[in-house]
Asks: 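Dropping the structure in here first, questions after.
Chain identifiers are assigned alphabetically (A, B, ...) following the order of the sequence lines, protein sequences preceding nucleic acid strands; residue numbering begins at 1 within each chain.
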Number of protein chains: 2
Amino acid sequence: MVKASRESKTSAAQATARLRQAGLRPTRQRVELAGLLFQSGDRHVTAESLHDEVSHAGVKVSLATVYNTLHQFTEAGLLRQVIVDAARSYFDTNTGDHQHFFLEKEGLLIDIPGETIAVAGVPTPPAGLSVDRVDVVVRVRRN
Amino acid sequence: MVKASRESKTSAAQATARLRQAGLRPTRQRVELAGLLFQSGDRHVTAESLHDEVSHAGVKVSLATVYNTLHQFTEAGLLRQVIVDAARSYFDTNTGDHQHFFLEKEGLLIDIPGETIAVAGVPTPPAGLSVDRVDVVVRVRRN
DNA sequence: CTCACACATTAGAATTATTCTAATGTGTTG
DNA sequence: CAACACATTAGAATAATTCTAATGTGTGAG
């Protein structure tokens, strides 16, 4: 919780603040993308889907910039990259501890809340290595 | 355990038998690939690595055939496809219940035996869907 | 044993996601 | 407001994978 301000922040202002906190210069396209990504609830996007979205919103951003931005956001901890499909990377706005359902057919990711799944017994990695993170993907299909 | 035969089967004969069981015609290239994949212990290959290997062994198989074969073997349950890298698919000769360490830097997969990790609390999938499999990937990096 | 046909293989082109390049634009700090 | 480091961009390049359409080959029927 932060101190309540006199007026509610605009999406752009929030995005700008978030970018500054992350040490990223709040450029026009980063602010736009952050606005789309973070103003609503948790989302899963691909570079292409986000580029379509931002383009349809009438904002001019190149696909290369979308890729750059997604990776920068990921490095900054604002996004989490989820690799479940051989063809495409997904970026998840929910960076907290949680896992995923994945529908191969539709290419759809669905969050599983953090506390739901417990992974026990993760072994100590081979010498010289340490655990970065543990991903659990529950692959599902239509009955 | 099968009944011991008078002489130990050759790798090719074993591969042929395995292919027939899976309902796949034992063609020259499938037998070669199955030989490489299944004669030694558990392996992880990419299409490219397997193509290199079979080529260096002096066997003429096209890359397209390697791709076809890997997918056919996967559908037949002889292999398991593991998607951990945005760029490349891995195929695991160990189709049993087990999970993986993944070293992003080296692009290296290491098996974690089946009983080691317990995943508890996998939720019931949304209506109309059923669980196909649960993948656990422990991403590790050098200290 | 041989034929015919369904299934496999192939080379090379096509596709697709992603990254690179090198030129141009723009926040930010002093 | 100038300078510079950092961003953005279009388009080319790359790389994994799939497709195409022609050629080859296991196999079951006879």
Asks: Output a table of donor-acceptor pairs, distance under 3.5 Å, between side-chain atoms of residues 120-132 of chain A and any protein atom two or more places apart or on a different chain; print 'none' if there are none.
Replies:
residue: A:S130; atom: OG; partner: B:N143; partner atom: OD1; Å: 2.9
residue: A:D132; atom: OD1; partner: B:R141; partner atom: NH2; Å: 3.2

Asks: Output the residues of residues 22-37 of chain A in contact with DNA chain C, where contact means a heavy atom of the residue under 4.0 Å from an atom of the strand; sort by number or write none.
Replies: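 Those residues are A:R25, A:P26.
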Asks: Once salt bridge (Lys or Arg N to Asp or Glu O under 4.0 Å) is applied, what residue pairs with a partner in residues 32-47 of chain B remain, sequence neighbours excluded?
Replies: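 Those involving residues 32-47 of chain B are B:R43-B:E53.
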Asks: Polar atom pairs between nucleotides 2-5 of chain C and protein, under 3.5 Å, N or O only, would you list them?
Replies:
none

Asks: How is the hydrophobic cluster of B:I83 composed, in terms of its other members, when Ile, Leu, Val, Met, Phe, Trp and Tyr link through side-chain heavy atoms under 4.5 Å apart, directly or indirectly?
Replies: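 B:I83 shares its hydrophobic cluster with A:I83.
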Asks: With the sugar-phosphate defined as primed atoms, P, OP1 and OP2, and the base as all remaining atoms, what B/S/- string results for nucleotides 14-22 of chain D, 5' to 3', for protein heavy atoms under 4.0 Å?
Replies: --SBBB---
Asks: Return each pair, listed once, that meets salt bridge (Lys or Arg N to Asp or Glu O under 4.0 Å) where at least one residue sits in residues 84-97 of chain A; pairs must be two or more places apart or across chains.
Replies: none
Asks: Can you name the residues that form a ring-ring contact (aromatic ring centres under 6.0 Å, His included) with B:F91, not counting sequence neighbours?
Replies: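 Expected list: B:H71.
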Asks: For A:T16, give me all partners under side chain to side chain contact (heavy atoms under 4.5 Å, CB included), at least two apart in sequence or on another chain.
Replies: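 Listed in chain order: A:R20, A:P26, A:V31.
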Asks: I'd like a table of donor-acceptor pairs (distance under 3.5 Å, sequence neighbours excluded) in which one partner is a side-chain atom from residues 103-115 of chain A, with atom names and distances.
Replies:
residue: A:E104; atom: OE2; partner: A:R139; partner atom: NH1; Å: 3.1
residue: A:E106; atom: OE2; partner: A:R142; partner atom: NE; Å: 2.9
residue: A:E106; atom: OE2; partner: A:R142; partner atom: NH2; Å: 3.3
residue: A:D111; atom: OD1; partner: A:H44; partner atom: NE2; Å: 2.9
residue: A:D111; atom: OD1; partner: A:H98; partner atom: NE2; Å: 3.1
residue: A:D111; atom: OD1; partner: A:H100; partner atom: NE2; Å: 3.1

Asks: Only Watson-Crick and G-U wobble pairs with both distances less than 3.5 Å should count. Give DNA chain D in dot-bracket notation, marking inter-strand partners with |.
Replies: ||||||||||||||||||||||||||||||
Asks: Could you list the residues that satisfy side-chain hydrogen bond (donor to acceptor under 3.5 Å, both in side chains) with A:E48, not counting sequence neighbours?
Replies: none
